[in-house]
**Student:** 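Provided herewith is a single structure, encoded as structure tokens, for subsequent inquiry.
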Amino acid sequence: VRDGEDAPLVLDEVYVQIPRPALYVVAPAGKYALLLGQPSASAPSYELSHARDLVLAAESRDVTLGPLQPNPAYGLRSRVTSIAGQQLALWLALGLAVIALTVLTFRLVRREDPG
């Protein structure tokens, strides 16, 4: 509404979803590192029903997180290396398939040659 020119909106219902980051860890007291930011990682699969009693029995405490820092084990070099390794394996497999098919083709041609 600008300077009373328009009628106010009448809202019957409002729905807002705000993600609340939370991490629950059942582990002995100690110092831990939270590593995040690996987009190529697959989502984990958990069977929470097996750990339900353990999770519900665990004592909860608030913790203070330290400053956010880059993951030293996962950086540009490791991403390039993993992509390059996958591409190299793909090209090697394709090359071996081409060589094998070429050898088989020449063997079949020689066997069927009437001369």
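Given the structure is predicted, the values throughout are model-derived calculations rather than measurements.
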**Student:** Quick one: CG on Leu94 to CD1 on Ile99, what's the gap to the nearest 0.5 Å?
**Tutor:** 11.0 Å
**Student:** Show your working on side-chain contact (heavy atoms from CB on, under 4.5 Å) between Val103 and Arg107 and close with a plain yes or no.
**Tutor:** CA-CA 6 Å; Val103 169; Arg107 284 188 179 180; 4.0 Å; yes
**Student:** Check side-chain contact (heavy atoms from CB on, under 4.5 Å) between Leu92 and all other residues, then give those that pass, not counting sequence neighbours.
**Tutor:**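 Leu88.
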